[in-house]
Structures are given as structure tokens and as C-alpha cells.
Participant: 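Dumping the structure here so I can ask a few things about it.
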Amino acid sequence: MERQRSEEVIKKGPWTAEEDEVLLNFVNSYGPRDWSSIRSMGLLPRTGKSCRLRWVNKLRPNLKIGCKFSAEEERVVIDLQARFGNKWASIASYLPGRTDNDVKNFWSSRQKRLARILQSPPKSSNSQRSKGKATAVPEMATSQVTRTSV
DNA sequence: AAGAGGTGCAACCGCTCCACC
DNA sequence: GGGTGGAGCGGTTGCACCTCT
């Protein structure tokens with residue numbers, strides 16, 4: 001019973017503004033550490049893991065939230081990925097304001113797109129579904145293909 | 001105007017490494 | 001020296017939004 005209760009307490013899914021605020025207050029007071037104590041102190045019904053992730057990806061100061069990767073950042077990611085492989089945290093450390101999750105998502109999106117481009121025959125450009133969100137692809141694609149295919 | 005397809009983002013899960021007891 | 005717990009990292013998945021047909 002008790003165990004069941006303690007499991008029920010853990011919340012998952014999207015974070016609310018209130019939770020963000022509590023997490024920020026905690027970090028301001030104790031610093032970005034001891035994540036598991038957030039739950040043990042009864043501040044939030046979230047795991048330490050979840051709290052750390054939320055802070056790192058969304059609440060940390062100086063994050064470039066909602067800001068697309070610049071051409072320069074893309075180049076850095078491509079270059080560092082070639083050097084380090086999928087060491088996203090290491091790569092992110094070279095990109096101020098970017099998180100490992102950002103870099104990881106950016107890279108996997110590019111990979112998917114590249115795969116699609118390479119698979120699809122070079123039909124007329126009309127058939128390309130270039131979304132507004134996903135514009136700067138073609139140039140990227142070529143430079144990436146050469147590197148990733150190694 | 002509606003439906004289908006594709007993209008990007010946020011979050012969770014499992015594994016590995018490190019520090020402490 | 002070994003065991004346990006916590007933190008960090010990488011991979012994967014689901015959802016919402018946007019564009020095109």
C-alpha cells in the first residue's frame with residue numbers, strides 16, 4: 001500500500017508554470033544539485049532526474065529558447081559530431097545557450113531529413129515538402145552527407 | 001476547407017560512470 | 001575493496017503545429 005502510494009505520487013508529463021517556479025526557487029536557494037532532494041523535501045512530485053532535465057533544458061539561464069540554430073552553429077555541430085561522435089553534451093558545451101537535448105534533436109532531425117532526401121528520387125522541386133520550419137536543408141544536406149557517410 | 005504527411009520539441013527510459021559509505 | 005545511491009548522457013517516443021495537396 002505504502003509503496004503503491006509513493007509510486008502514485010511521482011508525476012510525469014509536461015511541466016506547469018507553478019512547478020517551474022518551485023524548481024527555480026529551489027535552484028536559487030540550493031544551487032543546481034541534489035535534485036533528488038526536491039522530491040524528498042516534498043517540494044515537487046517529480047523525480048530528481050525529471051527536475052534536472054527540466055532545469056537543464058528549459059530553466060537554466062542564458063538558454064537560446066525558441067531560437068533556431070544559426071548557420072554557424074550548424075557548422076559547429078557538424079564539425080564536432082564528426083570529431084566526437086554522438087557526444088551531445090560535449091558538443092553542446094561548445095555552443096553557449098544550447099543544451100545536449102537541443103543538439104541531439106537538431107541532429108536527429110537533420111538525419112531524418114537527409115535519409116528522406118537520399119531515398120527520394122530527385123523529382124521536380126515541387127514535390128519537396130520544404131516546410132517553413134525546415135528551410136535551410138539543402139546546403140546542410142550536402143555538407144552533412146559527405147561527413148556522415150564516412 | 002479538410003485531410004495527410006512531415007518537422008520540431010519536450011519529456012521519459014535505460015544504461016553507465018562517479019562519489020561516498 | 002566492494003556495494004549502493006545519485007547524477008549525467010544518449011536514445012527513443014509522443015504530441016502539437018505547420019505546410020502542401
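Everything numeric here is computed off the predicted structure, so don't read it as measured data. All chains are named by letter (A, B, ...) in the order of the sequence lines, taking the proteins before the strands, and each is independently numbered beginning at 1.
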Participant: Is any side-chain heavy atom of A:Arg52 closer than 4.5 Å to one of A:Val56?
Facilitator: yes
Participant: Are the side chains of A:Val27 and A:Leu59 in contact, using a 4.5 Å heavy-atom criterion?
Facilitator: no
Participant: Does A:Gly48 reach a base, just sugar-phosphate, or nothing at all? Heavy atoms under 4.0 Å.
Facilitator: nothing
Participant: Base of B:dA11, side chain of A:Asn57 - is there a donor-acceptor contact under 3.5 Å?
Facilitator: no
Participant: Could you check how far CG of A:Asp102 sits from P of C:dG10, rounded to whole Å?
Facilitator: 14 Å
Participant: With no angle test and no hydrogens, is the base of B:dG14 tied to the side chain of A:Lys49 by a donor-acceptor pair under 3.5 Å?
Facilitator: yes
Participant: When you measure from the side-chain N and O atoms of A:Trp35 to the phosphate of C:dG8, is any distance below 4.0 Å, counting only OP1 and OP2?
Facilitator: yes
Participant: With a 4.0 Å cut-off on heavy atoms, is A:Lys112 in touch with a base, just the backbone sugar-phosphate, or nothing at all?
Facilitator: nothing
Participant: Between the side chains of A:Glu73 and A:Lys68, is the shortest nitrogen-to-carboxylate-oxygen separation below 4.0 Å, so that they form an ion pair?
Facilitator: no
Participant: With a 4.0 Å cut-off on heavy atoms, is A:Asn86 in touch with a base, just the backbone sugar-phosphate, or nothing at all?
Facilitator: sugar-phosphate
Participant: Looking at A:Arg46, I'd like to know whether one of its side-chain N or O atoms comes within less than 4.0 Å of OP1 or OP2 on B:dC12.
Facilitator: yes
Participant: Provide, to the nearest angstrom, the distance between the CG atom belonging to A:Asn101 and the P atom belonging to B:dC13.
Facilitator: 15 Å
Participant: Write down the distance between CG (A:Asp34) and P (B:dA19), rounded to a whole number of angstrom.
Facilitator: 15 Å
Participant: Mind checking if A:Lys104 touches a base, just sugar-phosphate, or nothing, with heavy atoms under 4.0 Å?
Facilitator: base
Participant: Parallel, tilted or perpendicular: which one describes the rings of A:Trp107 and A:Trp88, with boundaries at 30° and 60°?
Facilitator: tilted
Participant: To the side chain of A:Ala89, which of C:dC9, C:dA7, B:dG8 is closest?
Facilitator: C:dC9
Participant: Phosphate oxygens OP1/OP2 of B:dA11: is one of them under 4.0 Å from a side-chain N or O of A:Arg54?
Facilitator: yes
Participant: Check every strand shown and say whether A:Thr47 touches a base, only sugar-phosphate, or nothing at a heavy-atom separation below 4.0 Å.
Facilitator: nothing
Participant: With a 4.5 Å limit on heavy-atom distance, are the side chains of A:Arg98 and A:Val77 in contact?
Facilitator: no
Participant: Output yes when at least one side-chain N/O atom of A:Ser109 is less than 4.0 Å from OP1 or OP2 of B:dC9, else no.
Facilitator: no
Participant: Just the rounded figure in Å: distance from C1' of C:dC17 to NZ of A:Lys68.
Facilitator: 12 Å
Participant: Given atom NZ of A:Lys58 and atom P of B:dA10, what is their separation to the nearest angstrom?
Facilitator: 4 Å
Participant: Can you measure A:Arg98 atom CZ to B:dG8 atom P for me and round it to whole angstrom units?
Facilitator: 13 Å
Participant: Which whole-number value in Å describes the distance from A:Arg39 CZ to C:dA7 P?
Facilitator: 12 Å
Participant: Report yes or no: is the cationic atom of A:Arg54 (NZ for Lys, CZ for Arg) closer than 6.0 Å to the six-membered ring centre of A:Trp35, at no more than 45° off its axis?
Facilitator: no
Participant: Is A:Trp88 near enough to C:dG8 that one of its side-chain N or O atoms lies under 4.0 angstrom from OP1 or OP2?
Facilitator: no
Participant: Taking the minimum atom-to-atom distance to the side chain of A:Asn105, which one of C:dG6, B:dC9, B:dC12 wins?
Facilitator: B:dC9
Participant: Does A:Arg113 have a side-chain nitrogen or oxygen under 4.0 Å from the phosphate oxygens OP1 or OP2 of B:dG6?
Facilitator: no
Participant: Could you state the CD1-P distance from A:Ile65 to B:dG8, rounded to the nearest angstrom?
Facilitator: 18 Å
